Amino acid sequence: MSIAAPATPAAAGSSVPALRPIDLGGGVRIATPVYLAPMSGVTDLPFRRLARRLGTGMVVSEMIASQAMVRENRQTLKMAEVDGFGAPSAVQLAGCDPEVMADAARLAVDRGAAVVDINFGCPVKKVAVGQQAGSALMRDEIRAARILEATVRAVPDVPVTLKMRMGWDHSNLNAPVLARVAEGSGIRLVTVHGRTRQQLYTGTADWDFVRKVKDAVRIPVLVNGDILTPEGAAEALRRSGADGVMLGRGCYGRPWFPRQVAEHLATGRAAAEPALAEQLAVLLEHLRDMLSHHGTVTGLRLARKHVAWYSKGLPGSAEFRARVNTLDDAPAVEALIEGFYRPLLDQGLEAARAAFHARGVSKEAEGAAAGRLAA
């Protein structure tokens, strides 16, 4: 495995850190280490496939419970499906039993995973307290080490990575220590979310703390948490010294966001939003893939939040979302989406502004929509 070199400026005179490829071993090379984070209920196969097509460097499955994986639970196996179009992708596993985690890793690799990622970061009560998995393992370094070692041994030809938080709470910020344990166990890369478990998703991610992890190990480190703009990604890299970024909520309704981040880090230039026509095409592609993958009933139900994210900030989006949520017929949903977007495309930005003023929409809302319409 080759170690990624420290980030360097994208161009002479630029203060934007550039990204270098990361070689994880096992034939897995991340040309652009801009990752799509594993997000339960969001990063299903259609979302990962779309993000990959739009320029994401690496995608990771939703968190998979190792026990359910080993039992070959039908829904769990569906969640763990890999992209299957030639690009490597990772399956993330959670659990507290080393042997079960090892078995789940073997099964994931047998089903096509190019990388196995271990979750020591999930903060939700059901996982961290009820199952003593996820971020709970940061409080038990001995058990954590056993899980890491067992998983690495189980899949010796496949790179294993780790995602964690800073620690359980601010009295126990042991991520640097656990990163060294991970490195000694054969883990090839570590991602650090700059919050503690007790913070859940409140407060602000501490990118500066991630530098302590980076300084503690020789393996590559990714920074994660609160990266919502390309400029924010550059700042996270500067402050953390990390080798790459992992993007979560910033990708809601924006599967092109990782591409924007990668372009900004490569050129130092501001990244424009896609034209509204492209956004519509991506939304329809995403919807159709979800219906094909999940079936009409489940697919429509799961797609509602994505439709809401795509349309956020556009004039009339609140009424549009409310109507989408009442429909259970796929052609009707597509027709409604087309009917919402087409007038915006036909009228253009100035007409949308006029409509905003006529309806008394705030300047702040107008600005949000204008940024999406301009292209």
Side-chain angles (χ1 to χ4, degrees), residues 32 34 36 39 42-59 83-87 89 228-230 247 249-264 269-296 298-325 327-353 355 368-375:
T32 305
V34 175
L36 175 67
M39 293 179 282
V42 178
T43 53
D44 58 4
L45 180 59
F47 194 98
R48 300 197 306 275
R49 183 155 46 209
L50 182 58
R52 262 296 200 186
R53 185 183 73 74
L54 293 174
T56 302
M58 184 65 171
V59 296
D83 299 325
F85 54 87
S89 60
L228 305 177
T229 65
L247 309 174
R249 290 176 296 126
C251 300
Y252 286 3
R254 300 164 68 204
W256 51 81
F257 178 54
R259 179 186 68 196
Q260 292 177 307
V261 168
E263 289 177 354
H264 178 63
R269 295 191 294 269
E273 286 292 295
L276 192 62
E278 182 182 347
Q279 295 182 33
L280 171 59
V282 170
L283 168 53
L284 291 174
E285 177 185 349
H286 191 179
L287 173 64
R288 290 163 186 163
D289 199 10
M290 291 191 75
L291 297 178
S292 175
H293 182 70
H294 295 291
T296 300
T298 301
L300 284 176
R301 176 176 56 81
L302 295 175
R304 288 170 180 166
K305 59 178 173 287
H306 293 282
V307 173
W309 290 328
Y310 279 106
S311 62
K312 184 179 180 181
L314 295 176
S317 59
E319 296 90 338
F320 165 65
R321 292 193 298 270
R323 292 184 62 194
V324 167
N325 291 342
L327 299 178
D328 56 9
D329 176 73
V333 170
E334 280 207 31
L336 181 60
I337 292 172
E338 291 272 6
F340 172 71
Y341 276 85
R342 286 302 169 191
L344 298 177
L345 291 169
D346 294 341
Q347 294 169 13
L349 179 57
E350 293 305 318
R353 283 176 172 166
R372 296 173 66 87
L373 288 167

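Just the heavy atoms: all of them, side chains too, but no hydrogens, waters or symmetry mates, feed the values below. Counting from 1, the numbers follow the sequence of the chain as shown. Small disclaimer: the values here were computed from a predicted structure and weren't measured.
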| Looking only at heavy atoms, which two atoms of Phe340 and Ser311 are closest? And how far apart? | CE2-CB, 4.0 Å
| message | Ring-plane angle category for Tyr310 and His286, please: parallel below 30°, perpendicular beyond 60°, tilted otherwise. | response | perpendicular
| task | Could you walk me through whether Phe47 and Leu36 pass side chain to side chain contact (heavy atoms under 4.5 Å, CB included), step by step? | result | CA-CA 10 Å; Phe47 194 98; Leu36 175 67; 3.7 Å; yes
| Closest contact, heavy atoms only, Val59 versus Arg48 | CG1-O, 3.8 Å
| query | Side chains of Glu334 and Arg288: does their closest heavy-atom pair fall under 4.5 Å? | reply | yes
| request: Assess the side chains of Ser317 and Arg321: does a donor N or O sit below 3.5 Å from an acceptor N or O? | output: yes
| So how far is it from Leu247 CG to Gln260 CD, rounded to the nearest 0.5 Å? | 10.5 Å
| request: Please round to the nearest 0.5 Å and tell me the distance separating atom CG of Asp329 and atom OG1 of Thr296. | output: 8.5 Å
| query | Do the side chains of Leu344 and Leu280 get nearer than 4.5 Å, heavy atoms only? | reply | no
| About how many Å separate CG of Leu300 and CE of Met290, when rounded to the nearest 0.5 Å? | 9.0 Å
| Heavy-atom side-chain proximity of Arg259 to Val34 below 4.5 angstrom | no
| note | Taking every heavy atom of Asp289 against every heavy atom of Pro46, the minimum-distance pair comes out as OD2-CA, 3.5 Å
| query | Side chains of Leu283 and Tyr341: does their closest heavy-atom pair fall under 4.5 Å? | reply | yes
| Nearest heavy-atom pair of Cys251 and Phe257: which atoms, and what distance? | SG-CD2, 4.0 Å
| query | Quick one: are Val261 and His264 in side-chain contact, heavy atoms under 4.5 Å? | reply | no
| field | Value rounded to 0.5 Å, distance of CZ in Arg53 from CD in Glu285 | value | 4.0 Å
| task | Locate the shortest heavy-atom distance separating Thr56 from Pro255; write the atom from each residue and the value. | result | OG1-O, 4.3 Å
| task | Mark yes when over 12 heavy atoms from residues, nucleotides or ligands other than Arg304 sit less than 6.0 Å from its CZ; otherwise mark no. | result | yes
| Side-chain donor/acceptor of Arg323 to backbone N/O of Ala318, under 3.5 Å | no
| remark: What one should report as the nearest heavy-atom pair of Gly250 and Arg254 is O-NH1, 3.1 Å
| request: Calculate, to the nearest 0.5 Å, the distance between atoms CG and CG belonging to Leu45 and Leu50 respectively. | output: 11.0 Å
| field | Check: Trp256 and Gln279 side chains under 4.5 Å, non-hydrogen atoms | value | yes
